[in-house]
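Reading through the structure tokens given below for one structure.
Quick caveat, the model's predicted, so the values are computed rather than measured.
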Number of protein chains: 2
Amino acid sequence: MASRKEVADLAGVSEATVSRVLNGVGPIKEETRRKVLEASEKLGYVPSAIARSFARSKSGNLGVVLPYVPKAHLFSAYFFSEMLSGIGNKARDSGMDLLVMFRSPGEVMNYADLFRRQKVDACIILGAKDDHGELAAMQQLQEEGHPFCVMNQHFAGESFLEVDADHVEGSRLAVHHLTEQGYRKIAFLNGPDSYSNSQERLLGVQIGLKEAGMELDPDLLLEGNYSRRSGVEAAATIAARLDEIDAVFAANDRMAIGVMHGLRERGIEVQNFPAFVGYDDSDAAEMSVPPLTSVRVPFYEMGELAVSKLIHGSLVGSASTEASGSPSEWPRELLPTELIIRASSIRK
Amino acid sequence: MASRKEVADLAGVSEATVSRVLNGVGPIKEETRRKVLEASEKLGYVPSAIARSFARSKSGNLGVVLPYVPKAHLFSAYFFSEMLSGIGNKARDSGMDLLVMFRSPGEVMNYADLFRRQKVDACIILGAKDDHGELAAMQQLQEEGHPFCVMNQHFAGESFLEVDADHVEGSRLAVHHLTEQGYRKIAFLNGPDSYSNSQERLLGVQIGLKEAGMELDPDLLLEGNYSRRSGVEAAATIAARLDEIDAVFAANDRMAIGVMHGLRERGIEVQNFPAFVGYDDSDAAEMSVPPLTSVRVPFYEMGELAVSKLIHGSLVGSASTEASGSPSEWPRELLPTELIIRASSIRK
DNA sequence: TTGTAGGCGTTATCAG
DNA sequence: CTGATAACGCCTACAA
């Protein structure tokens, strides 16, 4: 493999000049540039990313932390592959590589070490929970001035850079869609309270009901864990009170589908199903029978946005990796959600 | 951030000794070790991964190339997230980090440059196609002696390190399951021929039919592109000849479900559906209505295996990153597939 | 068992 | 506009 020195020799210039040409830095005489490029081409020279990182003290990597994926599949693959694609494409445009890490079940991630070891210049955290260890790890990142972005989770009272969708509005839309059609007895199957997303959905549901002059019946508020199985389990409750329930709004598609399955298992026919609305508008919604009305979340765009913010904020790529912006610089702006209406929620 | 020199000073040893202790290299007096560890702990010293990479000329990264994910979602997110999890966990155990890259639509990947730039020490290629550019890129890798592994795609005549599942057997099992129950008019909806997986499925189908004293009716061999949509389209053909078809085997779950949807759209009732068998045993199979019989592929395990092979083969981690093994060292061993029987294929 | 010193391939600074 | 040259932080013979 050709070295830079060989290129320099062949081009009749110094190594420094080769470097400048290849990095497009500083003013270079056109002829010199051409000579260098030719020599480099001919020799098949490729600069070492490692050496460059070393010299610049920057890895050129964007870290992406993914949640632990248990057998139960609490998290939908759709969710993450969409976000990851968005992140990946945008990162590529910015010349960064993606370093992905899976959070492990027990272990509390020490995010700061990622930076200290210089494996990443910035990072995006997906599927975080609002628990003590997680919060502390992020606060440390913040204190040490490492650029990072949290997706799909809000930490109240903190000034983290966050990217999220408007789940309050998404949930309100879902409920409004139901009440508008005359459904009055709406059960809400939410996810665990430890995700801000769940709390936001609850709020949206309450707002939606209030708009229709109703309020959430505590008996009709159920909690699952975002897995299909938990939906199946919730179906037991729902089946038992089918006469007091005419619609079900679930906090994600997997649970909505789980409930449908559970009802079927109990011999309840589709025509006797309550109306259903899910959330995420994942593949599964489209594939479900009946096709599931669902709240679309722009995961892909959220991924892109997270990268843009990280880079655009001069948090990465600029000379100073110092402090991330102040709270006021990063107001919480939410991407819009949208209701996709399918057969499951249409009044028969 | 504490430097190694400070640690050395505090511990009263040389930097080299600090390095040895932290890397567990060479014989060290227990007391020295303790002193170094203490000093390092107290100062919060964290060695720079970049500098280490530089000194060792190894990035410590395992590259994972993912296919382009089009809007059409030809590839199932399930498929990749499972493989990625398997790869990720195993890689972590081996102290490697994952560098993921998305293939872009037009561009022919130059895999070799990844290595030349030293971004990765080894790489795993997912969702490769058997086309000219792809093959050439891999041959180059092979020639230059870079360790890599191809998953889910076989390149005949090449001696690449490959990890795949036994799709011939998986397909045979699917067909056998159908013929065993007396289904005789079996339509096969395959994927594009440019994936070896499709070819293997076809072979398995032929074997399965032959075992039952039948053979594949060319009119009942359909081709989709692994997307749900292509299944919906195939449903047109199937619906038109519903009297000549009593079972459908699709090369993946998405297409199987697409066919079901297509039939429903045409007003065909579930009780008049042909038997269905899908492939991959993805989430969707379980969520489908009726639940879809499918061939389980151990994607997670395949991911783990790929990493093991790459590492175990001393292809990575050892001093020599020279040639990858000879063909005979890497015979094509296939992970077992398994038929998961659900309602869709049970004789009513 | 430990210290010394050379080298890894770039970038960046400073002269010229 | 271009050429020297000093870091960069760690690993690893080699020497002691």
Distance check: side-chain N/O of [X] vs OP1/OP2 of [N], anything under 4.0 Å?
X       : N      : value
B:Asn23 : D:dC11 : yes
B:Tyr45 : D:dC10 : yes
A:Ser14 : D:dA4  : no
B:Ser57 : C:dC8  : no

Under 4.0 Å between any heavy atoms, over every strand shown, what does A:Arg52 touch: base, sugar-phosphate, or nothing? Just pick one. sugar-phosphate
Say whether, by atom type as modelled, one donor and one acceptor occur between the side chain of B:Asn110 and the main chain of B:Ala112 under 3.5 angstrom. yes
Provide the full list of salt bridge (charged side-chain N to carboxylate O under 4.0 Å, His left out) pairs with a residue in residues 13-25 of chain A, sequence neighbours left out, each pair given once. A:Arg4-A:Glu15
Please set out all donor-acceptor pairs under 3.5 angstrom arising from side-chain atoms of residues 25-34 of chain A, sequence neighbours excluded.
{"residue": "A:Arg34", "atom": "NH1", "partner": "A:Glu38", "partner atom": "OE2", "Å": "3.1"}

Would you list the protein and nucleotides 12-16 of chain D atom pairs, both N or O, that sit under 3.5 Å from each other?
none

According to ring pair (Phe, Tyr, Trp, His ring centres under 6.0 Å), does anything in residues 10-63 of chain B pair up with another residue at least two apart or in another chain? List the pairs. A:Phe54-B:Phe54
Listed in order of residue number, which residues of residues 31-41 of chain A have a non-hydrogen atom at under 4.0 Å from DNA chain D? A:Thr32
At how many degrees, to 10°, do the end axes of the helix from C:dT1-D:dA16 to C:dG16-D:dC1 meet when each uses five pairs? 30°
